[in-house]
There are 2 protein chains.
Amino acid sequence: MKVSLKDLAQICGCSVTSVSRALKDSDTISKELREKVKSKAKELGYVPNLLAGSMRTGYTNTLAVILPDLRNPYFSLLAKYAEEYATSKGYSVFFMTTNEISEHEHDAVMKAMQKNVDGILLLPNQLDTQSIDIMNKMNFPYVLFGRIFDDIKADSVVVNDEMGGYLATKHLIEKGHSRILFLNSFMHIFSSQARFRGYKKALKEGGIPFNEEDVKYISTKIGDSEKIVEEIFSKENDYTAIFCYCDVIAFEAIFRLNKMGYAVPQDIAIASTDDIHSEIVLPIQLTSVGFDRAEYVKCAIDTLINNIKHAASPSKKEKEYVQKMIDVKLTIGQTT
Amino acid sequence: MKVSLKDLAQICGCSVTSVSRALKDSDTISKELREKVKSKAKELGYVPNLLAGSMRTGYTNTLAVILPDLRNPYFSLLAKYAEEYATSKGYSVFFMTTNEISEHEHDAVMKAMQKNVDGILLLPNQLDTQSIDIMNKMNFPYVLFGRIFDDIKADSVVVNDEMGGYLATKHLIEKGHSRILFLNSFMHIFSSQARFRGYKKALKEGGIPFNEEDVKYISTKIGDSEKIVEEIFSKENDYTAIFCYCDVIAFEAIFRLNKMGYAVPQDIAIASTDDIHSEIVLPIQLTSVGFDRAEYVKCAIDTLINNIKHAASPSKKEKEYVQKMIDVKLTIGQTT
DNA sequence: CTGTTAGCGCTTTCAA
DNA sequence: TTGAAAGCGCTAACAG
């Protein structure tokens, strides 16, 4: 049932090499042989074994994209663009998820390397640098995206999260809010730190004092946002606005606030980050900071592909690290 | 930099075979050698080349999951569960998307086969059966999920979409609606046909006459739902409810209706299918028909894995086709 | 224009 | 308990 080059060679009465070349339309093979081989190949349903080829060439034309999860539309949209762009560049992609668990990240990186992917696009947990250390030690092509470390030099593509935090908070302040709750994510994550800086900067510019108690650190897992909103707003408080780390946190916050009898934005205004609505129209459009996701992913993958090519090249002694940051922009929706 | 079994053999002063066996903890290798090999492997950062192994064994422990797209949360949630369950079963997964384009589906299937995946989980476009014909011809292990054909025998796992259409429509009728617009997807798709049947059945039971003009056929691409809602509700009409093919269509419908000044559910009630809210809490909870997604995907992958195992086994002459259907249940939200 | 040879890194007989 | 040899399917280097 399975046809190999060898079979074709036998049938066409030529060598395996000639068959290989004929199928690649090499000029060094006569038109006739080329036609004959190709027609036989089609007739017999020949399916090239790309893995066998990659054993020789050293390239699998496969990438691994490692993300926290595929539940959050923010990440699945990244996955969408990664799949589409990588495919257009001739790569297949393994998606692997970490659920923000160190061990999973490590396993994913190892598995990717064991399966000989040409490169890894990693959105790291930032709980440790174990998996990154491994890739460095192995001199394995990779690009960090979305999150970077202060003390690790690597090719990276991130979003201007500080600007995001700043723009969202500033917008709330301009709308007249001075008591702004910040539902942030955990501070070991790059984006949380950056948005935190942006939030503080906007407060400062607006002449609003910063209170550590106005910032809460929660996960983006289902239910966490609802829970903290329930907790805070069932007690006495004077918040009139919330800046949410990301849309899924904002979604839950709004859902819970509504359930509790608060109107958004009349009672509580909400601004956040991700602008998922620009790609998945939802019943309510959030005021949210977005960016060009297609461009972001394209940039990351281009960097990775470059990296893969350069890994083979000679002059990789003193490499210059690529460190890109994507611009953001605020879209005003119905929640402020 | 890269360490192979050969390198380890040289270092440990034994054969490649012994190294291979030692790393697999084979009983046929002395405890000492095993320990020595394993410690050297760790020390030198040995990364097994799984592809090389699979050339011999014939198995890559890799699956391909082919979906329409990763934008629609419905599909990305399937991707999430597929990735998680496949990983737990020791498989890596290639995700490929078709955007409901025949050629893309064909390319995806071919690429998957060329990369020697052990099996393919396919959510087919249903525009043609080209890619399925190829897999059949090649006797390649696959499972159809989400959508099946009347005239094609294959292992499959689908959702009880007819029941979904029935439950949603029936609920609207029980809420007192008799003029129900149905924003369906295209009728070449299994789910559209099935939900259509369910819709009609519920109407009939409710003693409501069926009008062909009450059913619109649209894509789930961004903007299509908004457009048709705009068209219909800017003209004279007597609809008091909409049954949407899926949540993303419903989301857009609600967004557009609100923009046009209609209140949901006061002016127009909305019911749909997918129940995305059960996994991604959104600002508004739709009345929607859902099902156990984790179980659904698990079932599909288990069937596929079984298929892979049986493809190798002898008695595959007269195979019984596995055809499963997952139960659905209506969740009442805030839109009816 | 075509073929021979070698080998990618592993596993799997078969032998010792 | 260990090893030698063969080979998975392909491509690349070299030869003619």
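Below, chain A is the first sequence line, B the second, and so on; all start at residue 1.
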Q | Residue-phosphate contact under 4.0 Å: B/Ser15 side-chain N/O, D/dG3 OP1/OP2 | A | yes

Q: Find the distance A/Leu23:CG to D/dG9:C1' and express it as a whole number of Å.
A: 13 Å

(Q) Does A/Asp150 have more than 12 heavy atoms from other residues, nucleotides or ligands lying within 6.0 Å of its CG? (A) no

Q. Pairs in or reaching into residues 86-103 of chain A: which pass salt bridge (Lys or Arg N to Asp or Glu O under 4.0 Å), with residues at least two apart or in two chains?
A. A/Glu100-A/Arg147

Q) To the nearest 0.5 Å, what is the distance between CD1 (A/Ile66) and OG (A/Ser131)? A) 7.0 Å

Q) So which one's nearest nucleotide on DNA chain C is more toward 5', B/Leu51 or B/Arg21? A) B/Leu51

Q) Quick one: is D/dC10 close enough that its OP1 or OP2 comes under 4.0 Å of any side-chain N or O from A/Tyr46? A) yes

(Q) Looking at A/Lys40 and A/Glu43, is there a salt bridge between them, counting it only when a charged N and a carboxylate O are closer than 4.0 Å? (A) yes

**Q.** Position toward the 5' end of DNA chain D (nearest nucleotide), B/Leu33 or A/Met55
**A.** B/Leu33

Q) Can you find a donor-acceptor pair, distance only, under 3.5 Å between A/Thr57 side chain and D/dA12 base? A) no

Q) Salt bridge or not for A/Arg34 and A/Asp25, using N-O below 4.0 Å? A) yes

Q: Name the nucleic acid region contacted by B/Ser30, choosing base, sugar-phosphate or nothing; use a 4.0 angstrom heavy-atom cut-off, strictly under.
A: sugar-phosphate

Q | For atom CG of B/Asn116 and atom C1' of C/dC8, their distance in whole Å | A | 15 Å

Q.
Could you tell me how far apart A/Gln114 (CD) and C/dC10 (P) are, to the nearest whole angstrom?
A. 11 Å

Q.
Measuring to OP1 and OP2 of C/dT11, would you say a side-chain N or O of B/Lys24 lies under 4.0 angstrom away?
A. yes

Q: Output the single nucleotide from D/dT1, C/dC10, D/dC8 whose closest atom is nearest the side chain of B/Ser4.
A: C/dC10

Q: Measure the distance from CG on B/Asp25 to P on C/dT11 and round it to the nearest whole Å.
A: 14 Å

Q. D/dA4 P sits how many Å from B/Leu5 CG, rounded?
A. 15 Å

**Q.** Between C1' of C/dT11 and CD1 of B/Ile29, the distance in whole Å
**A.** 13 Å

Q. C/dC8 P sits how many Å from A/Tyr59 OH, rounded?
A. 17 Å

Q: Can you figure out which of C/dT13, D/dT1, D/dA12 approaches the side chain of A/Thr17 most closely?
A: D/dA12

(Q) Rounding to an integer number of Å, can you tell me how far A/Arg56 CZ sits from C/dG9 P? (A) 9 Å

(Q) Side-chain N or O of A/Ser54 versus OP1/OP2 of D/dC10: is the shortest distance under 4.0 Å? (A) no

Q. Hey, does the side chain of A/Ser20 come within less than 4.0 Å of D/dT11's phosphate (OP1/OP2), counting only N and O?
A. yes

